[in-house]
**Student:** 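Before I ask anything, let me first share the structure, which is written out below as structure tokens.
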Amino acid sequence: MNKWSMRTHEVAYLFNPAFCGRILYSTIKTYNEKLNKPFPFPLIYLILPLVLHKQTRINISSRTQFLVWVQKYPQLLIDFHRRTRALVPISNEAIEFLLQTGKIALTPNGELEIAPASRILSKTKYTDSEVKECLIKAEHIARWFASAGKTETIYIALGVKP
């Protein structure tokens, strides 16, 4: 990952750790609430490639189950593995930001959960329509992952190797 001073303004603005961390936070929180258990760490790397890619984000629907969605939109998964690999450093920065600010915590089993002492982040404060859409879609993804089964199943369905 380039130093901040070496990044283009567009990359720095779009992929800043606070924004990407907010997307990850929404997913982790919804997953924790739905299953009442921590979020599997390996799944964290699949969230940003799904949410930040506009065509993919537009087609994410809570009305469709995850595996059905994958079969319905195979064109959205073309080059998904490349998007995922490219966003690993961005995801790492966002995770580090959330951990340092005390918004999430790492469990002894290496899973993620919302930190118990953390104030809940607002979904609507300081957001515009596109940011709200990203947060809503992140919550849909959390519900998908919660009902899809094992982490391995999700990775295989998306055509990505851990």
Side-chain angles (χ1 to χ4, degrees), residues 1-32 38-60 66 69-70 73-115 118 120-123 126-128 130-146 148 150-162:
M1 192 84 243
N2 293 338
K3 294 180 181 181
W4 278 97
S5 60
M6 301 300 290
R7 297 180 194 185
T8 63
H9 292 294
E10 294 80 11
V11 169
Y13 293 146
L14 179 60
F15 297 133
N16 76 73
F19 173 64
C20 292
R22 184 62 185 90
I23 292 169
L24 299 180
Y25 175 92
S26 288
T27 308
I28 295 166
K29 182 177 181 298
T30 303
Y31 185 95
N32 290 169
F39 188 84
F41 193 88
L43 293 179
I44 205 79
Y45 295 105
L46 302 176
I47 300 164
L48 294 180
L50 289 167
V51 172
L52 296 179
H53 186 258
K54 189 165 186 146
Q55 272 312 114
T56 303
R57 181 175 65 241
I58 289 168
N59 288 293
I60 291 173
F66 174 67
W69 182 86
V70 168
Y73 297 105
Q75 71 277 12
L76 296 175
L77 299 179
I78 296 171
D79 287 337
F80 181 76
H81 66 286
R82 285 190 181 96
R83 269 189 280 152
T84 303
R85 186 178 302 127
L87 289 172
V88 165
I90 304 295
S91 296
N92 285 337
E93 283 183 344
I95 295 163
E96 189 175 333
F97 177 79
L98 290 171
L99 289 167
Q100 287 179 351
T101 56
K103 295 297 177 192
I104 63 171
L106 199 57
T107 68
N109 292 333
E111 298 170 311
L112 299 165
E113 61 186 6
I114 300 302
S118 171
I120 305 246
L121 297 176
S122 170
K123 287 186 211 177
Y126 308 117
T127 61
D128 62 14
E130 192 165 5
V131 172
K132 285 178 191 173
E133 181 187 18
C134 288
L135 298 178
I136 289 167
K137 299 301 181 162
E139 292 172 358
H140 292 324
I141 291 168
R143 289 185 203 95
W144 274 356
F145 289 175
K150 294 183 175 185
T151 300
E152 296 86 356
T153 303
I154 296 166
Y155 265 82
I156 289 167
L158 292 172
V160 180
K161 293 180 184 177

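Excluded from the calculations below are hydrogen atoms, water molecules and symmetry mates; all remaining heavy atoms, backbone and side chain alike, are included.
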**Student:** What's the shortest heavy-atom distance between A115 and G102, and which atoms?
**Tutor:** CB-O, 3.1 Å

**Student:** Show the nearest heavy-atom pair for residues A148 and I154, with the distance to one decimal.
**Tutor:** CB-CG1, 3.8 Å

**Student:** Any donor and acceptor pair, going by atom type alone, linking the side chain of T30 with main-chain N or O of T27 inside 3.5 Å?
**Tutor:** no

**Student:** Would a 4.5 Å heavy-atom cut-off, applied to side chains only, mark I141 and F66 as touching?
**Tutor:** no

**Student:** Per the ring-ring contact (aromatic ring centres under 6.0 Å, His included) rule, what does the pair list look like for residues 39-58, sequence neighbours excluded?
**Tutor:** Y31-F39, F41-Y45

**Student:** What is the minimum heavy-atom distance between E111 and P38, and which atoms define it?
**Tutor:** CB-CB, 3.4 Å

**Student:** Would you call the rings of W69 and W144 parallel, tilted or perpendicular if under 30° counts as parallel and over 60° as perpendicular?
**Tutor:** tilted

**Student:** Rounded to the nearest 0.5 Å, what separation is found between the CD atom of E96 and the OG1 atom of T101?
**Tutor:** 10.5 Å

**Student:** Answer whether the closest heavy-atom distance between the side chains of T107 and L112 falls below 4.5 Å.
**Tutor:** no

**Student:** Would you call R22 and V131 a side-chain contact if the rule is heavy atoms closer than 4.5 Å?
**Tutor:** no

**Student:** Can you tell me how far apart OG1 (T84) and NZ (K161) are? Round to the nearest 0.5 Å.
**Tutor:** 13.5 Å

**Student:** Taking N16 for the side chain and F19 for the main chain, is one N or O donor matched with an acceptor at less than 3.5 Å?
**Tutor:** yes

**Student:** Could you list the residues that satisfy ring pair (Phe, Tyr, Trp, His ring centres under 6.0 Å) with F80, not counting sequence neighbours?
**Tutor:** none

**Student:** Please give me the minimum heavy-atom distance between I60 and L50, naming the atom from each residue.
**Tutor:** CD1-O, 3.9 Å

**Student:** Is there side-chain contact between Q55 and I58, with heavy atoms separated by less than 4.5 Å?
**Tutor:** yes

**Student:** Calculate, to the nearest 0.5 Å, the distance between atoms CG and CZ belonging to L76 and R83 respectively.
**Tutor:** 7.5 Å

**Student:** Calculate, to the nearest 0.5 Å, the distance between atoms NZ and CD1 belonging to K137 and I23 respectively.
**Tutor:** 13.0 Å

**Student:** Are C20 and L52 close enough, and set up right, to give a side-chain contact (heavy atoms from CB on, under 4.5 Å), and what steps lead you there?
**Tutor:** CA-CA 9 Å; C20 292; L52 296 179; 4.3 Å; yes

**Student:** Do Y73 and T56 have side-chain heavy atoms sitting under 4.5 Å apart?
**Tutor:** no

**Student:** Take F15 and L48, measure what side-chain contact (heavy atoms from CB on, under 4.5 Å) needs, and give me the verdict at the end.
**Tutor:** CA-CA 10 Å; F15 297 133; L48 294 180; over 6 Å; no

**Student:** Roughly how far, to the nearest 0.5 Å, is CD of E133 from CG of L135?
**Tutor:** 10.0 Å

**Student:** Please give me the minimum heavy-atom distance between L106 and L99, naming the atom from each residue.
**Tutor:** N-CD2, 4.1 Å

**Student:** Could you tell me the separation between the CZ atom of F145 and the CG atom of L46, rounded to the nearest 0.5 Å?
**Tutor:** 5.0 Å

**Student:** Is any side-chain heavy atom of I28 less than 4.5 Å from a side-chain heavy atom of I44?
**Tutor:** yes

**Student:** Can we say R57 and E130 salt-bridge, meaning some charged N sits less than 4.0 Å from an Asp/Glu carboxylate O?
**Tutor:** yes

